[in-house]
There are 2 protein chains.
Amino acid sequence: MTCDDDVDSICSMKKVDKRTMKSSNSSAPRRRATRADVAKLANVSTAVVTYVTSNGPQSVAPATRQRVLDAAAALGYSPNAAARSLKMGATHLLGMVIPDATNLYFAELAAAIELAAEDHGFDLLVAHSHGSRSREVQLLQSFTSRQVDGMILFTGVTDRSAAALGATNTPFVTIGRNLGVSDALAFAVDHREGARSGVEHLIGHGHTSIGLVIGDEPAEVAHSREVGWLDALADAGLHRGPIVRAPYSRAGGLEAGRELLRSDQQVSAVFVASDIQATGVIRAMHEAAVRMPEDMAIVSFDASPESEYTWPPLTSVQQPVQEIASCAIEAIVKRRRGEPAESRMFATRLVTRASCGCVNPVN
Amino acid sequence: MTCDDDVDSICSMKKVDKRTMKSSNSSAPRRRATRADVAKLANVSTAVVTYVTSNGPQSVAPATRQRVLDAAAALGYSPNAAARSLKMGATHLLGMVIPDATNLYFAELAAAIELAAEDHGFDLLVAHSHGSRSREVQLLQSFTSRQVDGMILFTGVTDRSAAALGATNTPFVTIGRNLGVSDALAFAVDHREGARSGVEHLIGHGHTSIGLVIGDEPAEVAHSREVGWLDALADAGLHRGPIVRAPYSRAGGLEAGRELLRSDQQVSAVFVASDIQATGVIRAMHEAAVRMPEDMAIVSFDASPESEYTWPPLTSVQQPVQEIASCAIEAIVKRRRGEPAESRMFATRLVTRASCGCVNPVN
DNA sequence: TTGTATGCGTTATCAA
DNA sequence: TTGATAACGCATACAA
C-alpha cells in the first residue's frame, strides 16, 4: 500500500512548518559534526578527542579534556557508529526475528530480550518472519550483512537458516523452542512437562474427557505440548480426547473452539496449547452459550498478559520470560568472548485463575 | 535480572555441540570474507567485485561476472554494511520508538511500519520507551549515533527530544499523535472526530448517560478524545457523564471499570478511549455481573486485534493503521530526497460489534 | 572491460 | 600529555 492509495482519508493540507522546510533545503545542508570538527574547535588533535570520548587508552589533561567536552557539546557531536563498527569489528547490535508481534507472548518475550540486551549495551534490530521460512533466511542474511554481534530467533532454526548462519561466526540462540533439535543454543521451558502439569490440573478438577487445541503446523514445540497432554491422560488412565488443529492465532482458536463443540466426542475440559488460541476458543464458547468453567474448563499455555483479561481469566502455564531472555543474551555475550555457553531448559509454573474452576470470578 | 538469579529452573547440563564449540575456539577463528578475498579468489580487482555486487557503475564481462559470483558464493560473502554506510553516508536504517509492545494497537502499528519500511529497503532499529521521557531522549541519541536515515516516534515529541533531534538533519515523523503540536511531521487520525463518532453511536442506541474512561496522563491525544466525547454529548443536549482517569493499560482499565461502578452517577454506557483499557473495563463488568451491552454498553478506540476477541466483542473506532504507516515512511523518504513532505490527518471508521448493542453475539 | 587509488570517520599504535 | 598515521571494508572517479 502506498500513501496515495487511500480514498477515505482527509487530507489536511496543512502547510509544512517553516523550520521543517528549512532543514530540508537550507543553503548549507548541515553535515553531522565529526571528530575532526571537534578537534579543530578544541584546538587538539583528533586522537585527543578519542581519548576523551572513550576514556583512554591515554589520559588527557583535565583542562584539555574540558575543552574537548565543551566543543563536542557545542557541535552536538556523537561518534559515527558505522565508522566505529568498522574499526572495532563490533556493532553492539543484535538481530531478533519475531514470528508475530500481535501474539502477546512473543511481544512480552521481545520486550524482555530488549531489556536484557540493553544491560549489555546492545541495540536491537527487529524483524518479523510472519512464520515464513524463506523470509527468515532473508532476514538472517540481512542481519549478517549488518554485522550483528548476535541473533535471537524465536522461530525454530531450519536447515537452510543454519546453513546460512554456519558460514559466519555470528553467535545465535533460539528462544522458546525445544532444546536439542539443532546445533543452536536454545533457551526454553520444558514444553512437555508444562503441558502435562496443566492437563494434570484439569484432571485434578475431576475431568475425565479432555480435548486438545493445538497449532496445525508440524513444530517440535507443538508436538511436545501434545505429548505432555497425552502423558497426563495416560498416567490417569484416561482415554485420549479429541484433538483440534488450527492456526496459531486468535482466529484459529475461534475455529478450533467451534469445531470442538461440533465434535462427536463430548468433553468437559480442553487444554489449549497457547493463550492466543485460547482467546478464540473462549469466544467460541461464549457464542454457543457454553459456560466456563462449568460446562467447559480451560487451561492454556504461556500466561501472557492476554490470559489475565479474558473472561473467565485463563488458568495458564507460565514461562519465566525474563529469565529466558537474560540467559539468552548472556549466552551470546559468552560466545562472543569465546567462553563456552550451554543450552538450558526452564521449569514452568501454573497460574491458576478462573477458567479451570479454581476461582470464582464474580464478586 | 541475570541468568544465575533463578532458583526454580532446571539446568539441563546439556553439552554444547561439537560443531558449536569448534566455531568458538577453532584454531583459525574464521574472519568474515571481505571484498578483497572475493577479488583474489576470482582473480579480479576489488573494484570489479563491487561492479558485480552493485550492478554498476561499470559493466563487466559475463564470464568475469560469473567468476565473481561464484567466488562470492563460495566464500559466503556479503558486503559489510558498516563500511558501506560509512562510504555512502546512508545506513538504510530507521529508528522506531514504541511506548509499549504489549499494547496491541502499538504492536500492529509497528508491524505496519516494518512492512512499509521494507518496501523502501529500510531495516528497523526498535526500542521501547515505556513512556519514559528521559529514556526517549536517550534512545534518540542512540539512533542518531547509529546514523539512522530516519526516525518514527509513537510518542509525542517533547521539547527536549526535539532539541536533541534539531541538531541533526535526521528526518523524523510522529505517528498516532495529534498534528500541529510540534514542528514534527505527524500522521494520525482525527482523534476528536473519531471519539465523537463513537459516542454519537452510543447516543444513537438511546443512551443518555455516558461515562468516559481515559488515560491519566496529560496528553494531547487523550485530551482530543475527551473533547470528542464532550462534543457528542453537547450536540445531543446531554449532560456530562462521569470521567474516570486511569493508566493506559489493562490493569488501569480494570481499576477504572470498578471505579465507574462505584460512581454516584449511574451510567448505561461508557466510552473507553482505548481498547487496552476497555479490556480491563470489561473484566470489571463481568466481575460485578454487569451485563454488556444490556446494563452497560461500551464503545472504545483503536479497533486493535484485541477488540475482536473480548466478550462481548468491542465496538471500536478504527484507525487506518497501514495507511498511516505507509504515509509516514514515504514522508521520511521524501524528506531524505529533499522533497517537501506534509503532515496528514486520517479519517476513522467505526467497527460495530456486540458491546454497543448492535449485534447479538450468541448464536 | 578492468585496475588503481582515494576517502568515508573511527580507534589505536607509536613517536614526540 | 599530545600528535601523526595506519588500518577497518567499501564505492567510485579516473586511468589504463
Side-chain angles (χ1 to χ4, degrees), chain A residues 29-69 71-72 75-93 144-149 168-169, chain B residues 29-69 71-72 75-93 144-149 168-169:
Chain A
R30 189 171 56 246
R31 195 175 47 85
R32 289 279 312 276
T34 73
R35 205 185 42 148
D37 300 325
V38 178
K40 192 187 297 177
L41 184 59
N43 257 312
V44 294
S45 74
T46 57
V48 174
V49 177
T50 300
Y51 300 156
V52 172
T53 57
S54 46
N55 284 321
Q58 318 250 346
S59 62
V60 3
T64 318
R65 177 186 171 76
Q66 193 54 51
R67 250 190 6 258
V68 171
L69 254 22
L75 266 40
Y77 168 77
S78 71
N80 180 320
R84 196 166 219 271
S85 299
L86 184 57
K87 184 64 186 172
M88 308 285 277
T91 54
H92 295 283
L93 209 53
T144 301
S145 186
R146 292 237 182 243
Q147 315 280 118
V148 296
D149 288 348
T168 78
N169 272 329
Chain B
R30 189 171 53 246
R31 197 175 46 86
R32 288 281 310 278
T34 74
R35 204 183 42 145
D37 300 325
V38 178
K40 191 187 299 175
L41 185 58
N43 258 313
V44 295
S45 73
T46 58
V48 174
V49 177
T50 301
Y51 300 154
V52 172
T53 57
S54 48
N55 285 323
Q58 319 250 346
S59 62
V60 2
T64 319
R65 178 186 170 74
Q66 193 54 52
R67 244 181 22 249
V68 171
L69 255 22
L75 266 41
Y77 169 77
S78 72
N80 180 320
R84 196 164 219 273
S85 299
L86 185 57
K87 182 68 184 171
M88 308 286 277
T91 54
H92 295 283
L93 210 53
T144 300
S145 185
R146 292 237 183 243
Q147 314 280 115
V148 297
D149 288 347
T168 79
N169 273 330

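Order of the sequence lines sets the chain letters (A, B, ...), proteins ahead of strands, with each chain counted from 1.
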*Which distance, rounded to the nearest 0.5 Å, do you find between the CZ of B:Arg146 and the OG of A:Ser78?*
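It is 11.0 Å, given to the nearest 0.5 Å.
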*Once you round to the nearest 0.5 Å, how far does CG of A:Asn80 lie from OG1 of A:Thr34?*
9.0 Å
*Can you name the nearest heavy-atom pair linking B:Asp149 to B:Ala90, along with the distance?*
OD1-CA, 3.7 Å
*Provide the closest heavy-atom pair for A:Thr46 versus A:Ala36 in the form atom of the first, atom of the second, distance.*
CG2-CA, 4.0 Å
*With respect to the phosphate group of C:dT2, does any side-chain polar atom (N or O) of B:Thr64 fall under 4.0 Å of OP1 or OP2?*
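So the side-chain polar atoms of B:Thr64 do come within 4.0 Å of the phosphate oxygens OP1 or OP2 of C:dT2, strictly under.
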*Apply side-chain contact (heavy atoms from CB on, under 4.5 Å) to A:Ser85 and list each qualifying residue two or more places apart in sequence or on a separate chain.*
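A:Ser85: side-chain contact (heavy atoms from CB on, under 4.5 Å) contacts with A:Thr91, B:Ala82.
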*Give me the one residue out of B:Val38, B:Val52, B:Val49 that meets side-chain contact (heavy atoms from CB on, under 4.5 Å) with B:Leu69.*
B:Val52
*Any donor and acceptor pair, going by atom type alone, linking the side chain of B:Thr53 with main-chain N or O of B:Thr50 inside 3.5 Å?*
yes
*What residues form a side-chain hydrogen bond (donor to acceptor under 3.5 Å, both in side chains) with A:Ser145, not counting sequence neighbours?*
none
I'd like a table of donor-acceptor pairs (distance under 3.5 Å, sequence neighbours excluded) in which one partner is a side-chain atom from residues 58-68 of chain B, with atom names and distances.
residue : atom : partner : partner atom : Å
B:Gln66 : NE2  : B:Asp70 : OD1          : 3.0
B:Arg67 : NE   : B:Ala42 : O            : 2.9
B:Arg67 : NH2  : B:Ala42 : O            : 3.2

_Boundaries of the DNA chain D segment in contact with chain B, non-hydrogen, under 4.0 Å_ = D:dG9 to D:dC14
_I need the residues from residues 80-88 of chain B with at least one non-hydrogen atom less than 4.0 Å from DNA chain D; give them sorted by number, or say none._
B:Asn80, B:Ala83, B:Arg84, B:Lys87, B:Met88
*Pairs satisfying salt bridge (Lys or Arg N to Asp or Glu O under 4.0 Å), at least one member in residues 81-93 of chain B, at least two apart*: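 Residue pairs passing salt bridge (Lys or Arg N to Asp or Glu O under 4.0 Å), neighbours aside: none found.
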*salt bridge (Lys or Arg N to Asp or Glu O under 4.0 Å) contacts in which one or both residues fall within residues 37-56 of chain B, not counting sequence neighbours*: B:Arg31-B:Asp37
*So which of residues 36-48 of chain B are in contact with DNA chain C, with a heavy-atom cut-off of under 4.0 Å?*
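Within residues 36-48 of chain B, the residues near DNA chain C are B:Val44, B:Ser45, B:Ala47, B:Val48.
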Could you write out each protein N or O paired with an N or O of nucleotides 14-16 of chain C at a distance under 3.5 Å?
residue : atom : partner : partner atom : Å
C:dC14  : N4   : A:Gln58 : NE2          : 2.9

*Results of salt bridge (charged side-chain N to carboxylate O under 4.0 Å, His left out) for B:Arg35 - residues two or more places apart only*: none
*Determine the contact category for B:Thr50: base if any of its heavy atoms lies under 4.0 Å from a base atom, sugar-phosphate if only primed atoms, P, OP1 or OP2 are that close, otherwise nothing.*
base
*Check the distance between C:dG7's C1' and B:Arg35's CZ and give it to me in whole angstrom.*
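Taking atom C1' of C:dG7 as the reference, CZ of B:Arg35 is at 13 Å.
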*Toward the 5' end of DNA chain C, which comes first, A:Thr53 or B:Arg65, by nearest nucleotide?*
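Looking at DNA chain C, the more 5' nearest nucleotide goes with B:Arg65.
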